[in-house]
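This report concerns only the one structure given below.
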Amino acid sequence: MTRHGRNCTAGAVYTYYEKKKDTAVSGYGTQRARLSKDSIKDFDCCCLSLQPCKEPVVTPDGFLYEKEAILEYILHQKCETVRKTKLYEKQKKKKSTELQELAKAEKESKVKAFLAKEGSIISKPLNPFAPKSAAASAEEPAAGSSSSSAKANLHDKQLPSFWIPSLTPEAKATELKKPDKNVYCPMSGRPLRLKDLYAVKFTAVNDRDTKTALISKQERFVCAVTNDVLSNSVPCAVLRPSGAVVTMECVERLIRKDMIDPTTGEALSEKDIIQLQRGGTGFSGSGVALEAQEARPVMMA
């Protein structure tokens, strides 16, 4: 094929590949990409640090965390709540002080208005023999003062200006809302407490290779009952009383019949079986959303 054939731009059809290539270069339009296996964390990795857990704990929703990472997260959230609470209390105190000052100023203005009204009362009797022109001349200054006060009020009601520094409007401080004292799970968004974190005990693979790092091994853990290798493609569950990790197939075939923990012999309930939230496998049939998208500006025709 000649060079002209490879770089042909005279085609009558605008292909999907050309459209996708032009969209990526232009910077407009929503970009979509399918995540591969390398972009998904393993089932035994922490949801915060994305590293294999040394001391794993699980939430009631099945999200796995490193104990140190989730405790640090909870401590950080509590410190933020305390800081926001102090700011909210400071704002509340300032607002109450302003209301008290406004009430005091209003009371003082009412007293001043009352005293001014009392002082304007004239007790001198009117002279019935005085000409009407004198009375009219006495009323004219009062009318002039009222017109001047109206002009002053009109001057005070001028609109703000962005060009004159003295008339530039000021932005008011953002009003803070009362902070929520609950700590929420970073993955599920539900309230999270320390007593809701349950210890997890993975059963390691019987491997004699001790030189290879744990994160580099493809097969790291097995089911505590059947010894099946665990991976992202194998649904797993944690038995809450013992912390043992077993496959969901083992749960359906063995554990749900008697509802007894095979490792300790304790009775189980439905709440004691916590299904682990696993990552995808890269296949469309895994049941996990594997498409990522980025919204960018769109040019309208």
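One-based numbering along the sequence shown.
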Notebook entry, point to check: Is there a salt bridge (Lys or Arg N to Asp or Glu O under 4.0 Å) between Glu98 and Lys93 once you walk through the steps?
Noted result: CA-CA 9 Å; Glu98 290 177 355; Lys93 186 177 180 181; over 6 Å; no

Next item on the list: Apply salt bridge (Lys or Arg N to Asp or Glu O under 4.0 Å) to the pair Asp22 and Lys19, showing each step before the final yes or no.
Entry: CA-CA 5 Å; Asp22 293 344; Lys19 181 180 179 182; over 6 Å; no

Item checked: CA sep, side-chain torsions, deciding dist, call: Lys112, Glu108, salt bridge (Lys or Arg N to Asp or Glu O under 4.0 Å) -> CA-CA 6 Å; Lys112 288 181 180 179; Glu108 290 178 355; 5.4 Å; no

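Placement of Ile70 and Tyr198 in two distinct hydrophobic clusters is found when ILVMFWY residues are connected by side-chain heavy-atom separations under 4.5 Å, directly or transitively. Under the 4.5 Å side-chain contact rule for hydrophobic residues, Ile274 and Leu194 do not share a cluster.
Note that the NZ atom of Lys104 and the OG atom of Ser109 stand 13.0 Å from one another [nearest 0.5 Å]. Atom-to-atom distance recorded for Arg240:CZ and Asp261:CG is 11.0 Å, nearest 0.5 angstrom.
In plain terms, the two heavy atoms of Cys236 and Gln275 that are nearest each other are O-CG, 3.4 Å.
Residue pairs meeting the salt bridge (Lys or Arg N to Asp or Glu O under 4.0 Å) criterion with at least one member in residues 68-81, sequence neighbours excluded, are Glu80-Arg83.
Contact check for Val57 versus Glu66: no side-chain heavy atoms found under the 4.5 Å cut-off.
The one candidate from Val222, Leu230, Asn227 that meets the side chain to side chain contact (heavy atoms under 4.5 Å, CB included) condition with Val205 is Val222.
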Quick one: side chains of residues 175-189, donor-acceptor pairs under 3.5 Å with protein atoms, not counting sequence neighbours, listed by atom name and distance.
residue : atom : partner : partner atom : Å
Glu175  : OE2  : Lys95   : NZ           : 2.9
Asp180  : OD1  : Asn182  : N            : 3.2
Asp180  : OD2  : Tyr184  : OH           : 2.3
Ser188  : OG   : Asp61   : OD2          : 3.2
Ser188  : OG   : Arg190  : N            : 3.4

